[in-house]
Amino acid sequence: MSDYIQELNEEQRNAVLYNDGPSLVIAGAGSGKTRVLTYKIAYLIKEKNYDAHNILALTFTNKAAKEIVRRVNKDIGRPWSDYIWMGTFHSVFSRILRREAQFLGFTSSYTIYDAADSRSLLRTLIKEMKLDEKVYKPNVVQVHISNAKNHLVSPEGYANSKEAYEADSAIKMPLIRDIYKRYKDRCCQSDVMDFDDLLFYTFMLFRDHPEVLIRYQDLFRYVLVDEYQDTNYAQHCILLQLMQGKTPQLICAVGDDAQSIYSFRGADVDNILNFTKVYPNTKVFKLEQNYRSTQTIVCAANSLIEKNQRQIRKEVFSEKERGEAIGVYQAYSDVEEADIVVNKIMELRRGQHYAYSDFAILYRTNAQSRIFEEAMRKRGMPYRIYGGLSFYQRKEIKDVIAYFRLVVNPNDEEAFKRIINYPARGIGDTTVGKIIAAATEHNVSLWTVLCEPLTYGLNFNKGIVGKLQAFRDLIAGFIADAAEKNANEVGTDVIRQSGIINDICQDNSPENLSRKENIEELVNGMNDFCAQRLEEGNTHVLLGDFLSEVSLLTDQDSDKEGDDEKITLMTVHAAKGLEFKNVFVVGMEENLFPSGMAGESPRALEEERRLFYVAITRAEEHCFLSYAKSRLRYGKMEFSSSSRFLKDIDVRFLRLPQDAVAFRKADRETGSPLFGRKESGGMRLKQPIIAPTVPRNLKRVTPAVGVSGPASPAGSAASHQVQQGQLIEHERFGLGEVLKVEGEGDNAKATIRFKNAGDKQLLLRFARFKVID
DNA sequence: GCAGCCTACATTTTT
DNA sequence: TGTAGGCTGC
């Protein structure tokens, strides 16, 4: 047996060596899952003499796919890994769909709508149907259609479904079925698929064309699936199709039900929970040794996840050192919470010589990042925030990509609409509206109408005709170009000749400079892509090849500077699959984590708990939990109690905040005891903090004027409008009465008499308080 | 056709 | 706060 197999522990090795039928590898957090996958691929090729192209390995992210490719290359050498069918579900299926497009009425150069494109199309359709946009909100409709596709329900099926109709009627949107139908027709007409279609049509292809299915069944002799807990119904069914009628069914699913956190995108934990029922004779392997975290962290995480009903029981353990208890901090406000975290980071760095990159701050919502950002900026600590607008969602990048899309597929409606008048060329909404109306009426694409407006009853004046003609010639020129030149050359032509670069270089505002940089980055990407393809022996790199790669890429994997010396800030979702020496899970409050959106639904709460589990298990050495009793959310001061999840962790693994300064202070100020309930273990567990109530002895003076100003997802400070005589609650000084207000705008000051802190003059711009009703 | 003002709205987000 | 979309007036 080869050396590399010896490096594995017994259970990992068993999982790698078993290849006689379906297998399910339940891989606990930090248990070496990727290792098993890559070694298995290496083993199949090297020892079992599989041809690389007979192996299909599916992942959920490009990043994971890349990592596996990298490791397989290392283990077995490059020549093999190039031929493995490896990639995300979406990229592998889109490859298949391009080959078999004719079976489905598409061309092989179909383009792909991202979520924004499909929302935009839905908005147009809703308008065309003269429905009320307030009732038929495009994103709500989108979720319904997406769900239907993920459950393999076609527009016809949807229209015939009584339940769907009743459910939609109940939410006052009975016509979703009609929108769905139109949406599908429009996509077909535009030769376009959205993300969900890539799965939906693959299923339909295999279902309606058995001869095609058999071809792929024969091709994919062994199928491996990573992160199986995140598969949705459609993916599950496609895998079933590929396995259908096969003996043995050579499928190996790797995953961890405890880390299923994407149900809002259609992922269904049941797929992994029921795997053994769906594939009879499945051999189950449980990787239970955690190589990442201290025993304390592993035990704490176990005690938490134990509270979930629906799960595959396992005993995750660690043989690393025992480690310190998980620290719990309570802050009075979100600002103080950030201070506590930042101080703790400095303390740990001093004491144990950690690098900044050894720390991660994880939160439930992106909006929470702002306060931590400020705290770190103030102290000059380097940090990096993940999330926010991704590279491919930036306006300038989407604009360029839209040109590419139109060149590859002139029928692409959303791309057409995006650039017909960008940069401005005097073709306004009215003209475009007429084109769309004519196209809809005659069931043709916008491009078809553009080419022959007269044929479709559009009699534009001379000026407009000239402008339309110019646009058409521009695109036609690019199309001709693309037939001969390589993608990067066509790309630079597009950027220059379309006028985009001129538009951006008009002035040197910082925004424009960054836009320019982004476009340069895209050009670099294209050059790299082409260079690589040419190196691989291609003679002509099609623009379409670049486009289909880029359409399925998010910038998750484009961050080259991942290892620089910075503190990491990200949502818990984004942290999945990563690990850090020290992790702070912040905002541990009811309605925030678990999210208020989860309500009391047991399923949703279990997923939130899994999310918390994922957060904790990112930590190798130290883990800290913190919460704030009050925070500004969307401009409003909110008071909340600590998260119910804090009570799910066995107190033996927690260090409760007796000695935290913040804790004592808050305790003193509110007069509410933090320890109350007795736990069975003999230790006292913190009681949830109840929102402070207004003492009766302070009289109310004027009617409330609430904290004014629009709300913000960034969770930043709101402006205040206060009047003399109002009663307020300040984040630090507590209750007070406004004595005087002077100055205006940014300089407005208020003199406030605090119940416990005496008179203070506050610059309203910086003051954080709420006006009490 | 388009700049500029006003209003409504705001989890998480692998593809 | 920030953004997207709608509306208005030039």
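In what follows, chains are A, B, ... by sequence order, proteins preceding strands, each numbered from 1.
Between the A:Q235 side chain and the A:N232 main chain, a donor and an acceptor come within less than 3.5 Å of each other.
A salt bridge links A:R405 with A:D117; the closest basic N to acidic carboxylate O contact falls under 4.0 Å. Comment: A:D114 engages A:K398 in a salt bridge, judged by a side-chain N to carboxylate O separation of less than 4.0 angstrom. Salt bridge annotation for A:K137-A:E133: absent, with no cationic side-chain nitrogen under 4.0 angstrom from a carboxylate oxygen. Under 4.0 Å is where a charged nitrogen must lie from a carboxylate oxygen, and between A:R364 and A:E608 at least one such pair does.
Between the side chains of A:T111 and A:D412, at least one donor N or O lies within less than 3.5 Å of an accepting N or O. There is a side-chain donor-acceptor pair under 3.5 Å between A:D503 and A:Y422. Counting only N and O atoms by type, the side chains of A:E396 and A:N518 include a donor and acceptor under 3.5 Å apart.
Within the 6.0 Å centre-distance limit, the rings of A:F264 and A:Y262 are counted as a close aromatic pair.
Put simply, OH on A:Y392 is 14 Å from P on B:dT14, counting in whole angstrom units. Following rounding to the nearest Å, A:K63 (NZ) and B:dT13 (C1') show an atom-to-atom distance of 14 Å. The interatomic distance linking A:L611 (CG) with B:dT14 (C1') rounds to 14 Å, in whole Å. Following rounding to the nearest Å, A:Q142 (CD) and B:dT13 (P) show an atom-to-atom distance of 16 Å. Rounded to an integer number of Å, the gap from CG of A:N139 to P of C:dA4 is 13 Å. Residue A:D503 contributes atom CG, which lies 11 Å from atom P of B:dC2 at whole-angstrom precision. For A:I427 and B:dG1, the CD1 to P distance is 9 Å, given to the nearest whole Å. Rounded to whole Å, the distance from NZ on A:K395 to P on C:dG5 is 12 Å.
Between C:dG2, C:dG6, B:dT13, one nucleotide has an atom nearer to the side chain of A:E133 than all others, and that is C:dG6. Distance from the side chain of A:R265 is smallest for B:dT14 among the nucleotides B:dT11, B:dT14, C:dG5. The side chain of A:Y262 has B:dT13 as its nearest neighbour among C:dG2, B:dT13, B:dG1. When distances are taken from the side chain of A:T430 to each of B:dT13, C:dG6, B:dG1, the shortest belongs to B:dG1.
Backbone-only contact: A:D429 has heavy atoms under 4.0 Å from sugar-phosphate atoms and none from a base. Heavy atoms of A:T431 sit under 4.0 angstrom from primed sugar atoms or phosphate atoms, though from no base atom. No engagement by A:A267 is indicated, since no non-hydrogen atom pair under 4.0 Å with the nucleic acid exists. As judged by a 4.0 angstrom heavy-atom cut-off over every strand, A:R119 is placed among residues making no nucleic acid contact.
Using bins of under 30°, 30° to 60° and over 60° for the plane-to-plane angle, the ring pair A:Y201/A:F106 lands in the perpendicular bin. In this pair, A:F529 and A:F546 present their aromatic rings perpendicular. The plane angle is above 60°, beyond the 30 to 60° band.
Taken residue by residue, residues 87-98 of chain A places heavy atoms nearer than 4.0 Å to DNA chain B at A:T88, A:H90. Within residues 583-601 of chain A, the residues having any heavy atom closer than 4.0 Å to DNA chain B are, in order of number, A:S595, A:M597.
Each of A:D230 and A:K134 was assigned the nucleotide of DNA chain B with the nearest heavy atom; the assignment lying further toward the 5' end belongs to A:K134. A residue-by-residue look at A:K137 and A:K467 shows that A:K467 has its nearest nucleotide of DNA chain B further toward the 5' end.
Using a 5.5 Å limit on the distance between ring centres and a 30° limit on the angle between planes, the aromatic ring of A:F264 counts as stacked on the six-membered base ring of B:dT12.
In terms of phosphate contacts, A:R123 brings a side-chain nitrogen or oxygen within less than 4.0 Å of OP1 or OP2 of C:dG5. An OP1 or OP2 oxygen of B:dT14 is reached within less than 4.0 angstrom by no side-chain nitrogen or oxygen of A:T59.
With its glycosidic angle more than 90° from 0, B:dT12 is assigned anti.
Side-chain to base pairing of A:R364 with B:dT11: no donor and acceptor N or O lie closer than 3.5 Å to each other.
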